[in-house]
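To keep things clear, I will list the structure first and then write my remarks on it.
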Amino acid sequence: MSLNILNSDSLKENTVWRSFMRTTELFAPTLREVPAEAEVVSHQLLLRAGFIRREAAGVYTYLPLALRVLKKINQIIREEMDRQGGQELQMPIIQSAELWQESGRWDVYGPELFRLKDRHDRDFALGPTHEEIITALVRGEVSSYKQLPLLLYQIQNKYRDERRPRFGLLRGREFIMKDLYSFDRDEHGLQVSYQKMHDAYTQVFRRCGLRFRPVEADSGAIGGSDTHEFMVLADSGEATILFCEKEACGYAANVEKAAQPNVTAKPCEDLKQLAEVPTPGAHTVEEVADFLHVPPQKIIKTLLYETEKEVVAVLVRGDRDVNEIKLSNALHCLHLKLAGAATVQNITGARVGFAGPVNLKSVRIIADLEISALTNAVTGANKDDAHLINVNPVRDFNVDIVSDIRMVQAGEPCPRCGSTLKEAKGIEVGQIFKLGDKYSKVLGATYLDESGLKKAIIMGCYGIGVTRTMAAAIEQNHDQDGIIWPVAIAPFHAVVVPVSVKDEKQTAMAEETYDRLVKAGIETVIDDRPERAGVKFKDADLIGYPLRITVGAKAVANEQVEVRVRKTGEVVMIPVNKVESSVIKLLGQL
RNA sequence: CGGGAUGUAGCGCAGUUUGGCUAGCGCGCUUGCCUUGGGAGCAAGAGGCCGGGGGUUCAAAUCCCUCCAUCCCGACCA
């Protein structure tokens, strides 16, 4: 009996999606006009093409077409995770506060954590990520080095109460994410797992048909050492990435992370006499530079920052911007913000705009690497309407910390090879982290090695935003008429459009074409609505089927259907009896 | 969190300033005719707690109070 079940069609029918559809049955309500709530193009097109509907701010229903895309992305992810030895599981979305308190993140995570109480008034959170749960699971089940390494992953809804949900699926509060966690005995094992995931991610995004780039990144709140982000390249992207113009070099980093090049040698200039000069009203770098006729590079910009521990003075060259991420890393602080006017007055004794490191008491001073290379520089005098000239580090002031704390810009030398850095915009769709023992230590996930020694498991975590990837694909691949899906993640491969459904010959020919394509395994939609051709064409372009097969009067007369490529607009005439092979060939070329 | 804006039919909007007939327009939807290669045309229809609650008034989409929702901008570069 049981064998019979296995041999039956149940196996063959166990495909994730059906490969055929009639638009008269398809639930894909398209809109002619752009809903007012949508700002970015992926959001607009997802709404217009009938892929999603909004339920609440940052919370969406995925309609059938969207779900097909998501399933395809998921499937590619599964195959690549499994290929690297990953095992899929599912974990709770509702997570008890205890675990989060144990890891310390109940307090650290802040308002982004969706919190709720049960009827007994116990605290819970909706999982924004699953480090706690998975580590707790593993600590209970893994006790020996023989059980390692372990790669476990899940694809589920995650929740973050964003301070400002926006851009449709690009920054939602409920979203689908794949997270894989690696568990290894040591750093070497972690390196192996990390590389596996780096390879897997490269494969995933390549297979999705996206132009992307892995970049070095900052590890942020999740913590850990090494980390790369996978960026889908799109001009509308929020993230700025810098990459070396030399392909062979390969350096690429998020601006948040991009290291500055080695400091140029100190210019040989005689140290001049420190002096105070009046600079009435000149409180920005630009104003001071104009007023004193010095280039901004000769000005030391002094910013006061407040952290949860202290107030610090931050020095960068006048033409540079502070990189707050680098800064908070250098200061080992959690929160960072520019000090208010009152604090500035209090500490420097002057209004905002006249702070300087000379004789600045009571706060630590942190300077960017470039500062030590300056001679005879200009700074604020800690006195209203006055600046100091001929200021020299060491001679006139000392700093407590020297570190790379500034933003790097396109055009600067590559920190690795010295060629020029270029800039691009990207959408972060994946990130891989080396966590080390950060979570295993606090949560007590350990194992015994061969010598019976108890050791912390070394972890890594690796996420892919599935719903964000779908939106990013649209940001990268669209035109005025609508979406242009890469074949691998398109909801369907082709749409057959009979120009007039009242023409029996056209209908018959379209049905034959549809039938042939479906039987050949091509996911095909037939637009059998009694609409005019223009309406169907518009919808086809909007939804973004990679291929459109038009069956009109010409087709009937010539026994040839017209295959149009969505991406290029290219049109080829194909005899009906060869339509499958031609379509397969065309899809393969896309 | 701060600031701004908006909320009227499925979608896009007018009407609100200066309260007053039965709340309008375009698209979409239904029915019929017609049309059929890029969102056609004609005709007849359906569809509204004017975001919720409370007030003022003879009378409220419109004025007042309050709550809610959505969107945008900002979060300080000395």
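Order of the sequence lines fixes the chain letters, A, B, ..., with proteins taken first and strands second; residue numbering starts at 1 for each chain. Side chains included, hydrogens not; waters and symmetry mates left out as well; all remaining heavy atoms used.
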What integer number of Å spans the P atoms of U22(B) and C68(B)?
35 Å
Taking side chain to side chain donor-acceptor pair (under 3.5 Å) as the definition, give me every residue that meets it alongside E306(A), ordered by chain and number, with sequence neighbours left out.
none
Roughly how many Å is it from CD in E306(A) to P in A78(B), rounded to a whole number?
18 Å
For R53(A), answer base if it contacts any base atom (sugar-phosphate contacts may also be present), sugar-phosphate if it contacts only those atoms, and nothing otherwise; contact means non-hydrogen atoms under 4.0 Å.
nothing
Remember a base hit wins even if backbone is also touched, and classify D539(A) as base, sugar-phosphate or nothing at under 4.0 Å, heavy atoms.
base
Determine whether the aromatic ring centres of F354(A) and H387(A) lie less than 6.0 Å apart.
yes
With rounding to the closest Å, how many angstrom separate the P atoms on A75(B) and U66(B)?
29 Å
Base paired to A46(B) (Watson-Crick or G-U; both N/O distances under 3.5 angstrom)
none
According to the Watson-Crick and G-U wobble definitions, with both distances under 3.5 Å, which nucleotide is paired to A59(B)?
none
Qualifying ring-ring contact (aromatic ring centres under 6.0 Å, His included) pairs with a residue from residues 23-55 of chain A, counting only residues at least two apart or across chains
H43(A)-Y60(A), F51(A)-W485(A)
Base, sugar-phosphate alone, or nothing: which one does A313(A) contact when heavy atoms must sit under 4.0 Å apart?
nothing
Each nucleotide of nucleotides 66-71 of chain B classed B (base within 4.0 Å of a protein heavy atom), S (only sugar-phosphate) or -, in 5' to 3' order, makes ----SS
Would you mind reading off the distance between E504(A) atom CD and U36(B) atom P, rounded to a whole angstrom?
16 Å
Identify the nucleotide, in any strand shown, that forms a Watson-Crick or G-U wobble pair with A5(B), with both distances under 3.5 Å; if there is none, say none.
U70(B)
Separation of G3(B) atom P from R163(A) atom CZ, nearest Å, is 17 Å
Between atom CG in D161(A) and atom P in C1(B), what is the gap in whole Å?
11 Å
Check salt bridge (charged side-chain N to carboxylate O under 4.0 Å, His left out) between R48(A) and all other residues, then give those that pass, not counting sequence neighbours.
none
Which residues satisfy the side chain to side chain donor-acceptor pair (under 3.5 Å) test with S42(A), sequence neighbours excluded?
E475(A)
What interatomic distance, in whole Å, is found between P of G47(B) and the corresponding atom of U31(B)?
16 Å
Among E310(A), E324(A), K337(A), which residue satisfies the side chain to side chain donor-acceptor pair (under 3.5 Å) criterion with Y305(A)?
E324(A)
Heavy atoms under 4.0 Å, any strand shown: does V34(A) hit a base, just sugar-phosphate, or nothing?
sugar-phosphate
What distance, rounded to whole Å, do you find between the two P atoms, one in G51(B) and one in A23(B)?
15 Å
Watson-Crick or G-U counterpart of G26(B), or none if no pair lies under 3.5 Å
C11(B)
Measuring only between side-chain heavy atoms, which start at C-beta, is E216(A) closer than 4.5 Å to E229(A)?
no
Round to the nearest Å and state the distance from E162(A) atom CD to C72(B) atom P.
13 Å
Roughly how many Å is it from NZ in K502(A) to C1' in G32(B), rounded to a whole number?
11 Å
For N382(A), side chain to side chain donor-acceptor pair (under 3.5 Å) partners two or more places apart
none
Donor-acceptor contacts, no H, no angles, side chain residues 572-580 of chain A, under 3.5 Å, sequence neighbours left out:
from, atom 1, to, atom 2, distance (Å)
E580(A), OE1, R516(A), NH1, 3.4
E580(A), OE2, R516(A), NH1, 3.1

Given C76(B), G39(B), G37(B), the nucleotide with the shortest approach to the side chain of E562(A):
G37(B)
Go through the structure and list residues passing side chain to side chain contact (heavy atoms under 4.5 Å, CB included) with A553(A), not counting sequence neighbours.
Q506(A)
Here's a test for you: under side chain to side chain contact (heavy atoms under 4.5 Å, CB included), which of V40(A), L65(A), I52(A), T467(A) qualifies with L46(A)?
I52(A)
G-U wobble or Watson-Crick pairing nucleotide for G37(B) (cut-off 3.5 Å, both distances)
none
Categorize R529(A) for me: base, sugar-phosphate, or nothing, with a 4.0 angstrom heavy-atom threshold over every strand shown.
nothing
If the P atom of G37(B) is compared with that of G41(B), how far apart are they to the nearest Å?
15 Å
Look for any protein N or O under 3.5 Å of an N or O in nucleotides 24-29 of chain B and output each such pair with its distance, or none.
from, atom 1, to, atom 2, distance (Å)
G26(B), N2, E33(A), OE1, 2.6
G28(B), OP1, R32(A), NH1, 3.2
G28(B), OP1, R32(A), NH2, 3.2

Nucleic acid contacts of residues 546-553 of chain A, taken as heavy-atom distances under 4.0 Å to RNA chain B:
R548(A), T550(A), G552(A)
C1' gap between G15(B) and C58(B), integer Å
23 Å
Name the nucleic acid region contacted by V288(A), choosing base, sugar-phosphate or nothing; use a 4.0 angstrom heavy-atom cut-off, strictly under.
nothing
Interatomic distance where CD belongs to E112(A) and P belongs to C1(B) [whole Å]
14 Å
With sequence neighbours excluded, tell me which residues meet salt bridge (charged side-chain N to carboxylate O under 4.0 Å, His left out) with E37(A).
R54(A)
Within this structure, what is the CG-to-C1' distance between L388(A) and A78(B), rounded to whole angstrom?
15 Å
So if I apply the side chain to side chain contact (heavy atoms under 4.5 Å, CB included) rule between K536(A) and each of D528(A), V495(A), V501(A), which one comes out positive?
V501(A)
Which value, in whole Å, describes the distance between the P atoms of nucleotides A61(B) and A43(B)?
32 Å
Using a 4.0 Å heavy-atom cut-off across all strands, classify D481(A) as base, sugar-phosphate, or nothing.
nothing
Under the salt bridge (charged side-chain N to carboxylate O under 4.0 Å, His left out) test, which residues partner K301(A), sequence neighbours left out?
D321(A)
Taking the nucleotide of RNA chain B with the closest heavy atom to each, which residue, P530(A) or L542(A), is nearer the 5' end?
P530(A)
Rounded P spacing from G54(B) to G20(B) in Å:
23 Å
